[in-house]
Number of protein chains: 2
Amino acid sequence: MTKATTTHDQPPARVAAQVSALLQDCNDCPIRHRAVCARCEADELQHLEEIKYYRSFEAGQTVVWSGDRMDFVASVVTGIATLTQTMEDGRRQMVGLLLPSDFVGRPGRPTAAYDVTATTDLVMCCFRKKPFEDMMLRTPHIGQRLLEMTLDELDAAREWMLLLGRKTAREKIASLITIIARRNASLNQASMGDSLIFELPLTREAMSEYLGLTLETVSRQISALRRDGVIVVEGKRRVTIPDLDRLIEETGDDTDGGFLI
Amino acid sequence: MTKATTTHDQPPARVAAQVSALLQDCNDCPIRHRAVCARCEADELQHLEEIKYYRSFEAGQTVVWSGDRMDFVASVVTGIATLTQTMEDGRRQMVGLLLPSDFVGRPGRPTAAYDVTATTDLVMCCFRKKPFEDMMLRTPHIGQRLLEMTLDELDAAREWMLLLGRKTAREKIASLITIIARRNASLNQASMGDSLIFELPLTREAMSEYLGLTLETVSRQISALRRDGVIVVEGKRRVTIPDLDRLIEETGDDTDGGFLI
DNA sequence: CGAGGAGTTGAAAGCCTTCAAGCGCCGTGG
DNA sequence: CCACGGCGCTTGAAGGCTTTCAACTCCTCG
């Protein structure tokens with residue numbers, strides 16, 4: 001561990017502990033203005049502080065299993081989590097990709113409907129469910145924000161359905177890489193145009209579960225995009241996008257309609 | 001037109017006109033207790049009455065095109081509508097199937113995000129958008145109910161994603177028929193066990209857009225399920241399910257986990 | 001009666017999956 | 001210290017499921 005300039009080089013558990021130690025105060029929270037609490041006033045925030053607690057997970061850990069009791073709802077603070085459904089014979093489909101500020105759990109439902117897994121080191125801001133539900137009734141700001149976020153998720157799910165139902169394997173891969181690139185740009189406030197180098201936060205297998213493909217097909221299509229110069233890959237995970245428009249052409253989406261980021 | 005016992009035998013436009021004529025008063029509304037207004041009190045309902053109006057569409061008509069201005073939000077009162085996305089080259093994927101009581105449109109968004117089409121004769125209860133948005137701010141009951149409905153839709157979308165990403169053509173068809181059967185049972189309050197005869201409300205093409213298949217594959221798989229005795233088909237649309245458990249086995253879903261209906 | 005829409009079915013092609021083998025990296029334990 | 005084993009990933013070859021292209025039926029409507 002020669003260079004310790006970024007948190008990336010530190011052991012995951014330590015980083016998570018640091019993050020949660022840093023985050024006792026909602027005012028310092030990195031997702032303060034995007035999460036379910038975004039619209040809360042100072043007094044409402046104080047109420048939330050009383051029922052919140054942080055939990056950390058290492059990459060690969062399961063947060064909850066589908067069907068398990070779930071006594072909390074939560075926001076992703078840092079890291080990435082996934083929601084996955086599994087069929088009896090083991091076929092798996094990812095149905096949610098949760099980034100910082102995204103919300104986990106459903107008020108009013110006692111059990112988890114999906115497997116929730118940390119795909120990177122993960123810190124979540126959890127609220128005990130019952131107090132949270134009570135607070136939702138008294139605090140319209142929370143319900144309003146949650147509605148907004150849920151509508152956004154529904155839009156994303158519908159975009160995803162188009163991908164799953166109608167796109168080719170190549171288009172699926174191009175779409176996923178574009179999504180990750182955009183997300184990265186938005187998190188880093190990058191000026192969109194440079195920052196097109198990033199680390200894929202998903203294994204080939206996780207990508208295949210996202211895209212409704214096998215991991216072999218994912219691997220082959222990534223290789224194909226690399227061969228065709230659409231992307232540049234260093235090692236297994238580091239991706240550079242020399243020409244974003246070229247990549248977007250490969251997604252099959254409208255070239256113009258890009259109102260997102 | 002010898003037997004006119006049910007509305008099915010009447011010209012669509014007339015039925016729609018009848019329905020909307022019957023429905024000036026929210027208290028007589030068939031979706032009063034399931035739609036976005038479900039939790040409203042008498043005074044709130046009165047407010048809604050002032051900003052509502054009915055619109056009728058014949059089977060096949062387009063309600064709005066993706067990208068068009070949309071000055072209203074609405075509830076489906078009777079009939080079925082679909083939300084569909086289209087790619088540049090014409091590939092289409094249905095992303096929403098709207099039944100009576102389902103909500104159309106997004107408060108706060110000026111344009112339609114999807115093509116909305118009536119697949120059967122359709123009556124919608126429309127609210128002018130601006131007044132509706134204003135009312136949402138003053139009336140938590142509406143926002144609360146809308147959140148609940150949106151969360152349900154998100155769950156449905158995620159189930160659908162599993163279907164699109166991981167199920168075989170045969171499983172997709174069995175799943176769709178099961179969904180329609182359940183819906184029918186729930187609308188007719190049937191005692192679940194008999195009423196397993198119904199009309200498919202979708203063309204083969206609409207089914208293919210729902211399932212991410214071609215219409216030929218839909219046709220072939222329906223024929224295969226018929227050959228195997230899983231379903232009985234009279235004419236092109238009328239389906240009988242002799243053994244629902246058998247059909248459910250064909251969906252690939254958990255046999256037990258059926259908490260729906 | 002002809003035209004057109006909805007649906008069915010056959011044959012061939014194609015895309016993705018399945019099955020297999022192999023590479024490179026990393027942590028463990030002899 | 002180094003061999004071993006596992007994991008993540010890549011690549012090849014064969015097979016299969018769905019699509020594509022095409023022909024044909026049935027029914028409705030003008």
Side-chain angles (χ1 to χ4, degrees), chain A residues 1 9 11-12 58-61 87 89-93 117 119-120 163-174 176-177 199-227 231 233-239 250 252, chain B residues 1 9 11-12 58-61 87 89-93 117 119-120 163-174 176-177 199-227 231 233-239 250 252:
Chain A
M1 201 175 299
D9 303 296
E58 289 181 42
Q61 280 190 309
M87 293 173 69
D89 60 6
R91 280 175 281 176
R92 289 168 61 82
Q93 175 64 51
T117 310
T119 62
T120 66
L163 177 149
L164 290 172
R166 293 303 183 194
K167 289 190 177 179
T168 65
R170 185 181 175 98
E171 289 170 338
K172 286 177 175 183
I173 296 289
L176 176 56
I177 294 177
E199 201 86 10
L200 292 173
L202 302 176
T203 62
R204 300 290 186 268
E205 185 175 25
M207 291 188 232
S208 75
E209 291 178 359
Y210 185 110
L211 300 171
L213 298 171
T214 61
L215 71 87
E216 292 94 330
T217 300
V218 169
S219 183
R220 270 187 260 272
Q221 295 298 335
I222 288 178
S223 299
L225 288 174
R226 186 172 46 63
R227 260 198 306 280
I231 59 175
V233 183
E234 293 171 82
K236 292 165 184 321
R237 298 286 195 93
R238 178 157 291 275
V239 172
E250 297 282 357
Chain B
M1 200 177 303
D9 302 295
E58 289 181 41
Q61 280 190 309
M87 292 172 69
D89 60 5
R91 281 175 280 177
R92 290 168 59 82
Q93 175 64 51
T117 311
T119 62
T120 65
L163 177 150
L164 290 171
R166 293 304 182 191
K167 289 190 177 180
T168 64
R170 185 180 174 98
E171 290 169 338
K172 286 178 173 182
I173 295 290
L176 176 56
I177 294 176
E199 201 86 9
L200 292 173
L202 302 176
T203 63
R204 299 290 186 267
E205 185 175 26
M207 291 187 232
S208 76
E209 290 178 1
Y210 184 110
L211 300 170
L213 297 171
T214 60
L215 70 87
E216 294 94 331
T217 300
V218 169
S219 183
R220 270 187 259 272
Q221 295 298 335
I222 288 179
S223 299
L225 289 175
R226 185 171 48 62
R227 261 198 306 281
I231 59 176
V233 183
E234 293 171 82
K236 293 167 183 322
R237 298 288 195 91
R238 177 156 291 276
V239 172
E250 297 283 356

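Below, read A as the first sequence line, B as the second, and so on, with proteins coming before strands; counting in each chain starts at 1.
Side-chain contact between A:Leu164 and A:Gln93: present, with at least one pair of heavy atoms (C-beta onward) separated by less than 4.5 Å. In this structure, B:Thr168 and A:Arg91 have side chains that are in contact, with non-hydrogen atoms separated by less than 4.5 Å. In this structure, B:Arg166 and B:Glu171 have side chains that are not in contact, with every pair of non-hydrogen atoms separated by 4.5 Å or more.
Within the nucleic acid shown, A:Gly212 comes within 4.0 Å of sugar-phosphate atoms alone, with no base atom in reach, counting heavy atoms only. At a threshold of 4.0 angstrom between heavy atoms, the contacts of A:Thr217 include nucleobase atoms, whether or not backbone atoms are also involved. Using a 4.0 Å heavy-atom distance criterion, A:Arg237 is classed as a sugar-phosphate-only contact. Counting any heavy atom pair closer than 4.0 Å across all strands shown, B:Leu213 reaches sugar-phosphate atoms only and no base atom. Here A:Ser219 lies in heavy-atom contact (under 4.0 Å) with a base.
Distances shorter than 4.0 Å separate none of the side-chain N or O atoms of A:Thr203 from OP1 or OP2 on D:dG8.
Both A:Thr214 and B:Met207 sit near DNA chain C, but only B:Met207 has its closest nucleotide nearer the 5' end. Residue-to-nucleotide proximity on DNA chain C shows that, of B:Val218 and A:Thr168, the 5′-proximal contact is made by B:Val218.
One interatomic measurement links the two molecules: CD of A:Glu234 to P of D:dC9, which rounds to 16 Å at whole-angstrom precision. Distance, B:Ile173 CD1 to D:dC17 P: 16 Å, rounded to whole Å. Rounded to a whole Å, the CD1 atom of A:Ile222 is 12 Å from the C1' atom of D:dG8. Taking atom CG of B:Leu215 as the reference point, atom C1' of D:dA23 lies 15 Å away to the nearest angstrom. Counting to the nearest Å, the P atom of D:dT18 and the NZ atom of B:Lys172 are 8 Å from each other. Rounding to whole angstrom units, CD of residue A:Glu199 and P of D:dG8 are separated by 15 Å. Look at CZ on A:Arg204: it is 12 Å from P on D:dG8, rounded to the nearest Å. The nearest whole Å value for the distance from the CZ atom in A:Arg166 to the C1' atom in D:dT18 is 11 Å.
What you find for A:Leu200 and A:Met207 is that their closest heavy atoms are CD1-CE, 3.5 Å. Closest approach of B:Glu199 and B:Arg238 over heavy atoms only: OE1-NH2, 2.8 Å.
With A:Ser208 contributing its side chain and A:Glu205 its backbone, the two residues share a donor-acceptor pair below 3.5 Å. Not a single donor-acceptor pair under 3.5 Å links the side chain of B:Gln61 to the backbone N or O of B:Thr117.
Listed candidates were D:dC9, D:dT11, D:dT19. Nearest to the side chain of A:Glu216 is D:dT11.
Taking 4.0 Å as the cutoff to heavy atoms of chain B, we find the contact window on DNA chain C bounded by C:dG7 to C:dA11.
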